[in-house]
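Heads up, the thing below is written out as C-alpha cells.
Below, read A as the first sequence line, B as the second, and so on, with proteins coming before strands; counting in each chain starts at 1.
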Number of protein chains: 2
Amino acid sequence: MSPQRRARQTVTVTADLVILTIRDHRLHVLLVERANEPFAGMPALPGGFLRGRESLDETAARELAEETGVDSAGLHLQQVGVYSHPDRDPRDPRVITCAYLAIAPDLPRPTAGSDARAARWVPVDEAEGTRLAFDHDDILRDALELARDELQFTTVATAFCAEEFTVAELRAVYEAVWGVELDAPNFHRKVVSADGFVVATGDKRPTMGGRPAALYRAGDATRLSPPMMRSRQSGA
Amino acid sequence: MSPQRRARQTVTVTADLVILTIRDHRLHVLLVERANEPFAGMPALPGGFLRGRESLDETAARELAEETGVDSAGLHLQQVGVYSHPDRDPRDPRVITCAYLAIAPDLPRPTAGSDARAARWVPVDEAEGTRLAFDHDDILRDALELARDELQFTTVATAFCAEEFTVAELRAVYEAVWGVELDAPNFHRKVVSADGFVVATGDKRPTMGGRPAALYRAGDATRLSPPMMRSRQSGA
DNA sequence: AGAATAGTGTCTGTAAGACAGTATTTG
DNA sequence: CAAATACTGTCTTACAGACACTATTCT
C-alpha cells in the first residue's frame, strides 16, 4: 500500500482548533460543516493546512482569527497534541494534525468566519454525543480534559472573560466548564487572594438589582498556586 | 524561497525523544552525537523519521526501544509538543518534529543503541548548558518543565524506578528531578496513604546497616490527588 | 421595605510540614 | 552497644468548605 516500508514519509499537516467559549452559562465549542470530501457534510473542528513558511502555531492563529473574526493576539491558544494514526484521514499523502485548544470570550458576532462553511457554536455536552469527522471526537475529548485540568492549575479561566470582568463572571466560567456549582463566598475569597490571578480596576459594574460588583482584569500569574478546588482533582 | 505562499506544505516528520533516567542520584538525559549533516558532530536528542504506516507514537516507541535496548512497552512515553518553526531544520522538504518525554529506570546497559551514533547519559544540568542541534535546547527545556510538573500531579515518578522499589528510592526520584530535599517521614506517609500510588508487595529489601525497607510496586492510579508537595507548586 | 446580588466573618475538619521518637537491621 | 536506615506519633499552622451575616444597589 504505502511506498516503501522503511522510507521517510512525506505528509501534509493541518492545525485543528477546539475553540471554546461560554454562551448563556454553558460551555460551547465551534464546529463547522465540512464542504469537501472526505467527510463532506459532516460536522468537524475548524482547521486548515500548514502553508508556506508558517509554523503550526501560526497556522492555528491564522485559522483562529479567520473563524472567530478576532485578532488571535488576545486569545488563548495552546497545543493539545498530535494525531497521526495512518488511517485518520483517507487522503494521500497522509495528513497528520496538530490539535490546538483556543479559549475565547463570548464574541460579538455569533459565528462569522470568512469561509463559506457553516460554522456554529454547539454546547459541548451535545457535541460530545455527535459523530465528528476524522478523529475529531478524540481531539475534542482530549481538549476538554486539558481545559478542565488547566482551570485547576492555571489562570486560563480569565481567557473566557472579557478584558474586564467580575468575580461572579469568573465563577460562572468554572461552573460552566466543570459542570458544578461553587460556593460564591469561598470562590470570591480565593480568587482575590490568589497572587496575580486578578487585579482590581477600581471600577464597579451595576448588577440587576443588587450591590454593584467590583471589576477585575487578568493578572500576571499563569500558574495558580494553590490550585483551585482541591476536591475536584481526581478526574478522568 | 518556498514553492507557493498559499500552497499546502508537504513536510517530513520526526519523533525526537527526551529520555530521562536517574543515575547516581542525578537526573540524566540521553544525548547522541549526530553522524550526518545537518549539525554533524553536535550533541542532539535521539529521534528518527516517521516511516511507512506508523503513527508518531509508534515511531517514538520504536526509537525508544532502539536507543535504550528495552522493549518500550514498560517505559513511560508521552508527547511534549510539536516544533515546526520553518528554520528549525535547513533541509528541504521541511522537517517538523514531535517531541516525546520518555522516563526510564536506571537501565542495565549504560547507553547501548543499535545505531552507530555515540549515545551517552548526560546530567541534565550539564545538558541544559550545552548547545544542542536544531531546537533541541527548547525541547529539552520544555520536556524538563513537563516532567517536573507531572511529578506533582501524576504518579509517573514510579516510571523512574524498577518494578519493585522502596519508598526511599521513590523519594530519591523526586529529590533528583526537583533538586530539593524532602522530609523522609512526611514523604513516606504521603506516598503510602495516596490512593493507588503504590502497592506493598509484602517483601522487604535489606539496606546498608539499617532496618530493611518494604518493597512496593506502582499502583493503578495515574493522577495524584492531592498533589505532592504543595510548596513546590509555583514553578516556571 | 423587600428582593437581589456582592462581599466578609467565623467555625470546623483535614492535611501539610516540622520534628521527636520508635523499630529493625549490621558491625 | 553504636550507627544507620525505616517508619510512626504528635503538634502547629494553614487552608478548604460550610454557612451565617453584612453591604449596597434596584423596584
Taking the six-membered ring of B/Y83 as reference, does the cationic atom of B/R88 (NZ for Lys, CZ for Arg) lie under 6.0 Å from its centre and within 45° of its axis? no
Protein-nucleotide distance (A/L224, atom CG; D/dA16, atom C1'), rounded to Å: 14 Å
Rounded to whole Å, CE of B/M208 lies from P of D/dT5 at a distance of 5 Å
Atom pair distance, as rounded to whole Å: CD in A/E181 and C1' in D/dC19: 15 Å
Would you say the side-chain atoms of A/Q78 and A/E150 include a donor-acceptor pair closer than 3.5 Å? yes
Quickly work out the A/F187 CZ to C/dG9 P distance and round it to whole Å. 19 Å
Can you tell which of C/dG17, D/dA18, D/dT24 lies closest to the side chain of A/D183? D/dA18
Of the listed nucleotides C/dT5, D/dA18, C/dA6, the one nearest the side chain of A/A213: C/dA6
Just wondering, more than 12 heavy atoms not from A/E163 lying within 6.0 Å of its CD? no
Report yes if a side-chain nitrogen or oxygen of B/H188 is closer than 4.0 Å to either non-bridging phosphate oxygen (OP1 or OP2) of D/dT8; otherwise report no. yes
Return the 5'-most residue of the pair B/K204, A/K204 with respect to DNA chain D, ranking by each residue's nearest nucleotide. B/K204
Picking from D/dT25, C/dG7, C/dA16, the nucleotide nearest the side-chain atoms of B/K190 would be C/dA16
Specify the separation, in whole Å, of atom CZ of B/R205 and atom P of D/dA6. 11 Å
Residue B/R189, side-chain heavy atoms: nucleotide from C/dA18, C/dG7, C/dA6 that is nearest: C/dA18
Per nearest nucleotide of DNA chain C, the residue lying toward the 5' end, A/A184 or A/R211, is A/R211
Counting only side-chain heavy atoms from C-beta out, which of D/dT5, D/dC7, C/dG7 sits nearest to A/A214? C/dG7
Taking everything shown except A/D220 itself, do over 12 heavy atoms lie less than 6.0 Å from its CG? no
Nearest-nucleotide check on DNA chain D, A/P185 vs B/G209; residue mapping nearer the 5' end is B/G209
Among the candidates D/dC7, C/dG17, D/dG17, find the nucleotide nearest to the side-chain atoms of B/N186. C/dG17
So if I apply the side-chain hydrogen bond (donor to acceptor under 3.5 Å, both in side chains) rule between A/H136 and each of A/T130, A/D16, A/T97, which one comes out positive? A/D16
Nucleotide nearest B/P226 (side chain, heavy atoms from C-beta), chosen from C/dA16, D/dC7, D/dA16: C/dA16
